[in-house]
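Read through the structure below, which is laid out as structure tokens, and then see the notes.
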Amino acid sequence: MLRPLDLVVLLKLSLEEERPPYLQLAHDLHLYPSEVYASVKRTRASQLLQGAEMGDRLNRSAFLEFLLHGVRYAFPPVRGTLTRGIPTAYAAPPLNLSIAPGADPPPVWPLSTGTVRGLSFSPLHKNAPRAALADPRLYELLALVDALRDGRARERALAASELTKRIGKGDRGASKSRTS
């Protein structure tokens, strides 16, 4: 059975040419190596990763299908009260360039060092916001997935299109060219 953490690991792997060692993944995602190992094992059993131990390859089409059609139902977010945090979903890049902010407070991952005040929105994993701060490309993918988890129709459509470009075609440098 997949856990939300597994999606964080798979999103990180979607940015890599080949699977890095467990220790490196754990460091990048602020996890224990045993958590990463268990996650890889679960995703292999779910056929979202294929291949032998270090030769694992992300099954991009299956992963994208799960994100587009299942994540909203399998891992719905928990919304909370006003808090300080990091913007996500439509309020974070890249969707914040296409969607104008409304009068409502934006969704944020709660984090004491966050700079935006908004409505609490549960991340896929408690350490995902820290990992996102260290990796802008991962941040964008996590925010796009959050838009799928709880966005309005337009937000979901834009997120689906962007995720298809980034994950479906294996374009690991999609946002590199935009930020350079």
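Just so it is clear, the values below take in all heavy atoms, side chains as well, and ignore hydrogens, waters and symmetry mates.
Here the CG-CG distance, from L29 to D135, works out to 8.5 Å after rounding to the nearest 0.5 Å. Note that NZ of K126 and CG of L31 are 9.5 Å apart. Values are rounded to the nearest 0.5 Å. Separating the CD1 atom in I167 from the CG atom in L64 is a distance of 6.0 Å, to the nearest 0.5 Å. In this structure, the separation between CZ on R60 and OG1 on T164 is 12.5 Å, given to the nearest 0.5 Å. The OG atom of S161 sits 10.0 Å away from the CG atom of L95 when rounded to the nearest 0.5 Å. Distance check: L124 CG to L7 CG gives 5.5 Å after rounding to the nearest 0.5 Å.
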Is there a side-chain contact (heavy atoms from CB on, under 4.5 Å) between L5 and R42? Walk through the geometry before answering. CA-CA 10 Å; L5 164 65; R42 283 189 300 272; 4.2 Å; yes
Given salt bridge (Lys or Arg N to Asp or Glu O under 4.0 Å), test E162 with K165 step by step and report yes or no. CA-CA 5 Å; E162 195 63 33; K165 286 182 211 167; 3.7 Å; yes
Go through the steps to decide whether N96 and Y90 satisfy the test side-chain contact (heavy atoms from CB on, under 4.5 Å), and finish with yes or no. CA-CA 5 Å; N96 66 348; Y90 72 85; over 6 Å; no
side-chain contact (heavy atoms from CB on, under 4.5 Å) between T83 and R117, worked out: CA-CA 5 Å; T83 188; R117 189 163 169 78; 5.8 Å; no
side-chain contact (heavy atoms from CB on, under 4.5 Å) between R149 and R72: does it pass, once the steps are laid out? CA-CA 4 Å; R149 289 171 66 207; R72 180 176 184 194; 5.5 Å; no
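Here the side chain of D56 pairs no donor or acceptor atom with the backbone of R19 at under 3.5 angstrom. Between the side chain of S14 and the main chain of L11, a donor-acceptor pair closer than 3.5 Å is present. Between the side chain of D6 and the backbone N or O of T43 there is no donor-acceptor pair closer than 3.5 Å. Put simply, the side chain of E35 gets close to the backbone of Y32: a donor and an acceptor are under 3.5 Å apart. The backbone N or O of V116 sits nowhere less than 3.5 Å from a side-chain atom of R84 that would complete a donor-acceptor pair.
P87 approaches A92 most closely through the heavy-atom pair O-CB, 3.4 Å. When all heavy atoms are compared, the tightest approach of W109 to F121 is CD1-O, 3.3 Å.
In the displayed structure, H30 atom NE2 is contacted under 6.0 Å by more than 12 heavy atoms of other residues, nucleotides or ligands.
In the hydrophobic clustering, where aliphatic and aromatic side chains (Ile, Leu, Val, Met, Phe, Trp, Tyr) are joined below 4.5 Å either directly or transitively, L119 groups with L82.
Taking the charged nitrogens against the carboxylate oxygens, E18 and R57 have no contact shorter than 4.0 Å, which rules out a salt bridge. Of the charged side-chain nitrogens involved, at least one lies within less than 4.0 Å of a carboxylate oxygen, so that R152 and E155 count as a salt-bridged pair. A salt bridge does not link R156 to D150: none of the charged nitrogens lies less than 4.0 Å from a carboxylate oxygen.
With no hydrogens or angles considered, a side-chain donor-acceptor pair links D146 and T88 at under 3.5 Å.
V108 and V8 are not part of a single hydrophobic cluster, where members link through side-chain heavy atoms under 4.5 Å apart.
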